[in-house]
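Since the structure comes first, as structure tokens, the remarks are kept for the end.
Hydrogens, waters and symmetry mates play no part in the numbers below; they use all other heavy atoms, side chains included. The structure displayed is predicted, hence computed values, not measured ones. Lettering follows sequence order; numbering is per chain, from 1.
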Amino acid sequence: MYAVYFKPKQLNIFILISFNYNTNKEILKLKEIKFFKKEKVVINYQEDKKLELIQEQETPKHIIISNLIKLLNQYLSGKSLDLIEKIDELNIELDLNEKFPTPFSNSIIEIVKKLKRGEIITYSDIGNKIGSKAYRAIGNVLRNNPLPLIIPCHRVIKKSGNIGGFMGKIDQGWQQNLKKKLLAIERFKTF
DNA sequence: AGGTCATCTCACC
DNA sequence: GGTGAGATGACCT
């Protein structure tokens, strides 16, 4: 499995992307997008998971991934674009089936996938849509989202209007601040 | 079978 | 505004 990481200009975090590449089909399969506060921790994680950091070169694999990074930078700088649509055009697939194998988790992800930039929904709303009162279980599914930004789980907030969890954290931390920033980037200045 | 959760509601203060 | 108990259900071990 391969990986790249980068630091967007607008945010004081590092973003690691891990993926597989099928040379025959020329398709890049996104495995995980993960946020880090410190570069040292990114390196530790990459070594620990034995991810191969890809080098700067003009292979198809590298071109796709550099386009993806360009896209994410544009998105994070406030450009109005729909990540999930653009990604489809780049020969990129999302690897989700093993993370969300059950009908319950699947239906939640389908709903969250359809959220447009600037749109928000509550855990409660999702529960109503799928006919379940297991609001905490919905949170648990989103907690395991391997592809934040692309599966826009930051657009799911609490019914009370509070921000709700992000990256497994429910109390004040840089993770919540990141969720707020992402919503602010999408013009929700109230958070 | 029992514990863990990125929630909600309702009853208080 | 805030806190705490109870409901709630999927998903782990």
Margin query: For A:F19 and A:Y2: C-alpha separation, side-chain torsions, deciding distance, then whether ring-ring contact (aromatic ring centres under 6.0 Å, His included) applies.
Written below: CA-CA 5 Å; A:F19 57 94; A:Y2 304 101; 5.7 Å; yes

Under 4.0 Å between a Lys/Arg side-chain N and an Asp/Glu carboxylate O for A:K129 and A:E110? no

Separation of C:dA10 atom P from A:F100 atom CZ, nearest Å, is 16 Å

* Asked: According to a strict under-4.0 Å criterion, is A:T102 in side-chain N/O contact with OP1 or OP2 of C:dC11?
  -> yes

In whole angstroms, the gap separating P of C:dA10 from CD1 of A:I109 amounts to 16 Å

Under a 3.5 Å limit on both distances, the Watson-Crick or wobble mate of C:dG9 is B:dC5

A:K86 atom NZ: more than 12 heavy-atom contacts under 6.0 Å: no

Check your understanding: Taking atom types as modelled, is there a side-chain donor on A:E186 or A:Y75 under 3.5 Å from an acceptor on the other?
Key -> yes

Give a yes or no on whether a salt bridge exists between A:K116 and A:D82, defined as a side-chain N under 4.0 angstrom from a carboxylate O.
yes

Problem - Residues A:E39 and A:Y5: side-chain donor-acceptor under 3.5 angstrom - result: yes

Its contact letters, B for base, S for sugar-phosphate only and - for none at protein heavy atoms under 4.0 Å, make nucleotides 6-13 of chain B read BBSS----

Taken to the nearest whole Å, CD/A:E98 to P/C:dC11 is 15 Å

